[in-house]
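Report on one structure; see the data block that follows.
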Amino acid sequence: MKALVAVKRVVDYNVKVRVKSDGTGVDIANVKMSMNPFDEIAVEEAVRLKEKGVVTEIIAVSCGVTQCQETLRTAMAIGADRGILVETAADLQPLAVAKLLKALVDKEQPGLVIVGKQAIDDDCNQTGQMLAALGDWPQATFASKVEIADGKLQATREVDGGSESLSMSLPAVVTTDLRLNEPRYVTLPNIMKAKKKPLEVVKPEDLGVNVEPRIKTLKVSEPPVRSAGIKVPDVATLVDKLRNVAKVI
Amino acid sequence: MIRDPETINLLLDTIARFVNERLVPMEAHVAETDQIPDDVVADMKELGLFGMSIPEAYGGMGLTMEEEVLAGFAVAQTSPAFRSLFATNNGIGAQGIVIDGTQAQKDFYLPKIATGEIIGSFALTEPDSGSDAGSLRTSAVKDGDFYVINGTKRYITNAPEAGIFTVMARSDTSRKGADGISAFIVEKGTPGLSLGNIDKKMGQKGAHTCDVIFDNVRIPASNLIGGVEGIGFKTAMKVLDKGRINIAAASVGAAERILRDAIRYAKERKQFGKAIGEFQLIQAMLADSHAEIYAARCMVLDAARKRDDGHNVSTEAACAKMFASEMCGRVADRAVQIFGGAGYLAEYGVERFYRDVRLFRIFEGTTQIQQLVIAKNLLRDAA
């Protein structure tokens, strides 16, 4: 069974982002970029399934600018067998990515698609669900455990107040939660080997997908700055402030 | 020479992440116990740190010198004891075989060195022969298909951990100088080979050195590196040229880390109502340190690129090693000063770096030997 894994190039999680002065977005010039951490978990899960003999081939897909090749090389260093870059400079929104992935799914016929539950840049949390809908596939979102046996996928999902167990037929879409696994360190020899793995570049037009944005961003702004606190002399004053100034009790 | 920027960036990111997440948190523990925990060593092997400079054909990564120094900057951002363990496999403990070894020697040893299955150690220095390496007295006498080695080697890095030793010994006792010296591979456990007590050092706890004693150690003649007698000293010098660039890279990496710690402290520590980093006398120390690090970094990269281009870099390697190691000493000294009283306390770690980096000015040729090498080359070339 083939597994398709989607990986997104995002601002590294260690970077403190700043909003552009004109409010049109976040400044990503000269900022360190890495693979979305949830996608790293997705690649790791696919590699573990391959090591268990469930998955035979892992295809990593990234949609975006040329530099996404670096993200694909990372995925291949973790253990993906080959990479596909859907190259475009367009502002990609979840529906466009889901459609691109759907086109690749039709072409590659994977038995399983694993994506991160959301990307840490826009926090959309939509692509996996949209892909499942487009393909009319079952989906296990926010999976914290995945097992495949006898052609069925058993997943544990993290939901408010506990966990939920699902069983579904394949092919299916899985979106990864933080606790699904802990991605391995990429080893240096595997980074060198990843250089030799095949990486195919296609354009959205080749897949017959219109990636034009459907949603327009009006304004991006920094969160309001927290004002300094005050010290109160006694409990009575505290209660008074909470009641009459903060109006929380 | 950078062959592929994408790959080298990924490689450096991976090393940086490993250093920050796995090694930096262990620094104090390693210094206290004088031991790198086994699981950390296993992770270092798994990551591939032992085979960076071993050719790809033998399971290593075959980094170019420029790539290797970039990796060197990255791995040196933590206690030098960590790099010490795998540095001999990438450097002096393996390069003798990489540069001058026979095909059979390469096929047999290099794959094991690349994975870290065996640790390579380089045995040149003796009780009476340090900087004047050409005067070494350890002897290797041919006896049929064997050589019999006798003598003592001193301050041998990684000797307690080593699986093989590259040993410089005099195979022709009639010749006093460098020409009579050959290089041999001696495996751990060979009868007659014994180790002294682990040396108590000023710093770099967790990295071990000790005496290696050869008492009628019989090794097969096929363990003569390159299969030719009398080229051992030249082998050693080639190994050391590369080693010097690596030590220079380590000095730059360590200095970068020390300065980063000093900057953080200068921004946090408040005196006279403001962060000490706002005082110009502190700023001067930070600025001087940064400028010197930048200069050393440029020298290291230049020497590495020239070596990749096939030039003889004896002078450049000596200049880079001398300048970078002395620079690192100054940066560490200023960092202790910026930390003030805290700089003298073990808790803050900066005094540990101060002691650790002191070695950079001594091994792989002292500063004074580098001066001699540089001056000798200048005078020779001016003729």
Side-chain angles (χ1 to χ4, degrees), chain A residues 7-16 30-37 39-41 43-44 47-48 51 60 62 64-80 82-83 85 87 120 182-201, chain B residues 2-25 39-64 67-68 70-72 74-75 83 86 89-90 110-117 260:
Chain A
V7 293
K8 185 176 184 183
R9 178 174 181 266
V10 299
V11 173
D12 188 84
Y13 67 94
N14 286 312
V15 173
K16 196 160 177 262
N30 299 320
V31 163
K32 182 173 156 52
M33 307 292 281
S34 307
M35 187 191 295
N36 176 36
D39 298 348
E40 224 176 296
I41 294 171
V43 180
E44 173 69 31
V47 174
R48 289 186 189 190
E51 285 166 351
S62 191
V65 293
T66 316
Q67 290 89 331
C68 293
Q69 291 195 17
E70 269 180 45
T71 317
L72 287 170
R73 292 286 171 208
T74 309
M76 290 190 275
I78 300 172
R82 58 189 168 97
L85 167 64
E87 192 179 358
I120 60 167
E182 204 173 310
R184 68 195 66 190
Y185 282 105
V186 176
T187 70
L188 309 184
N190 284 343
I191 292 172
M192 304 303 279
K193 281 181 204 140
K195 205 169 53 174
K196 299 186 183 93
K197 291 183 178 177
L199 197 162
E200 186 190 345
V201 181
Chain B
I2 301 287
R3 294 165 301 176
D4 172 8
E6 223 170 72
T7 301
I8 192 72
N9 285 340
L10 180 52
L11 201 87
L12 298 177
D13 277 354
T14 304
I15 294 174
R17 183 170 162 188
F18 182 80
V19 166
N20 285 330
E21 292 178 8
R22 198 76 178 96
L23 303 185
V24 170
D39 59 326
V40 177
V41 175
D43 285 352
M44 284 158 64
K45 288 181 181 172
E46 171 80 29
L47 186 65
L49 291 173
F50 288 75
M52 292 190 285
S53 73
I54 307 293
E56 284 184 88
Y58 304 101
M61 286 148 55
L63 295 189
T64 63
E67 292 166 345
E68 197 179 334
L70 290 170
V75 296
R83 78 166 282 289
F86 56 82
N89 276 33
N90 287 301
L110 293 183
K112 297 184 184 78
I113 292 174
T115 57
E117 181 189 332
R260 210 162 50 236

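Every chain is numbered from 1, with letters handed out A, B, ... down the list of sequences.
- B:Thr7 touches chain A through backbone and side chain together, each having a heavy atom under 4.5 Å away.
- A salt bridge links B:Glu67 to B:Arg3: one of the charged nitrogens lies within less than 4.0 Å of a carboxylate oxygen.
- If you tally non-hydrogen atom pairs under 4.5 Å between each of B:Ile8, B:Asn9, B:Asp13 and chain A, the highest count goes to B:Asp13.
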Check residues 48-60 of chain B and write down every donor-acceptor pair under 3.5 Å in which the side-chain atom is one partner and the other belongs to a residue at least two apart or another chain.
unit_1: B:Ser53; atom_1: OG; unit_2: B:Asn90; atom_2: O; d: 2.4
unit_1: B:Ser53; atom_1: OG; unit_2: B:Gln95; atom_2: NE2; d: 3.2
unit_1: B:Glu56; atom_1: OE1; unit_2: A:Lys196; atom_2: NZ; d: 3.3
unit_1: B:Tyr58; atom_1: OH; unit_2: B:Gln103; atom_2: NE2; d: 2.9

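- Here salt bridge (Lys or Arg N to Asp or Glu O under 4.0 Å) pairs that include residues 185-194 of chain A, with residues two or more places apart or in two chains, number zero.
- Looking at B:Leu12, neither its backbone nor its side chain comes within 4.5 Å of chain A, counting heavy atoms on both sides.
- The residues A:Glu182 and A:Arg48 are annotated as not salt-bridged, no charged nitrogen and carboxylate oxygen being separated by less than 4.0 angstrom.
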